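Everything on this sheet refers to the single structure shown next.
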Amino acid sequence: MIRSLYKAQEPFMLAPDGHGYMGVVMYDDVTDTVQCHICGKWFKDNGIHSVKKHKLLSSDYKMRFGLNLGTSLCGKEVSKRKSEFLIAHKEITNKTFHLT
């Protein structure tokens with residue numbers, strides 16, 4: 001079923017010159033993919049896709065389509081793997097980002 005990945009309230013405003021809706025990440029829970037607002041294709045990790053294919057950083061993509069900067073651009077499985085990696089490598093990431 002295709003739905004919004006995060007809570008979003010209608011009415012949705014169509015993305016100008018693109019696909020999907022402003023401020024909404026469309027999610028297909030059968031394939032665990034999210035839709036690219038630019039080309040309309042579905043990806044496990046749209047953040048990587050937007051940089052490689054559209055030369056658009058995730059932060060710029062989010063601003064262009066009215067998404068919060070903290071919004072994930074990937075399906076649930078990829079998000080889970082990224083989270084597990086960061087937890088497992090917390091010491092390394094803390095040093096990398098100068099966190100204490």
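If you're wondering where the values come from, they're calculated on a predicted model, not measured in any experiment.
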Task: Set of ring pair (Phe, Tyr, Trp, His ring centres under 6.0 Å) partners for H19, sequence neighbours left out - done: none
Task: Sequence-distant partners of Y21, ring pair (Phe, Tyr, Trp, His ring centres under 6.0 Å), two or more places apart - done: F12
Open item on the list: In the structure I gave you, are the side-chain heavy atoms of K53 and I38 within less than 4.5 Å of one another anywhere?
Closed with: no
Task: V34 side chain reached by Y27 side chain, heavy atoms, under 4.5 Å - done: yes
Heavy-atom closest pair, residues [X] and [Y]:
| X | Y | value |
| --- | --- | --- |
| H37 | A15 | CD2-CB, 4.2 Å |
| M22 | G66 | CE-N, 3.7 Å |
| K55 | K52 | NZ-O, 3.0 Å |

Rounded to the nearest 0.5 Å, what separation is found between the [atom1] atom of [X] and the [atom2] atom of [Y]?
| X | Y | atom1 | atom2 | result |
| --- | --- | --- | --- | --- |
| K76 | R81 | NZ | CZ | 15.0 Å |
| E84 | S79 | CD | OG | 10.0 Å |
| D28 | Q35 | CG | CD | 10.0 Å |
| S72 | D45 | OG | CG | 7.5 Å |

Open item on the list: I'd like to know if the side chain of K44 and the backbone of V78 have a donor-acceptor N/O pair within less than 3.5 Å.
Closed with: no
TODO: For N46 and L73, indicate whether the former's side chain and the latter's backbone hold a donor-acceptor pair under 3.5 Å.
DONE: no
Open item on the list: My understanding is that only one of N68, L67, V25, L56 makes a side chain to side chain contact (heavy atoms under 4.5 Å, CB included) with K62; could you say which?
Closed with: L67
TODO: Taking salt bridge (Lys or Arg N to Asp or Glu O under 4.0 Å) as the test, write out the residues that go with K80, two or more places apart.
DONE: none
Task: Verify same cluster id: Y61, L69 (apolar side-chain graph, 4.5 Å) - done: no
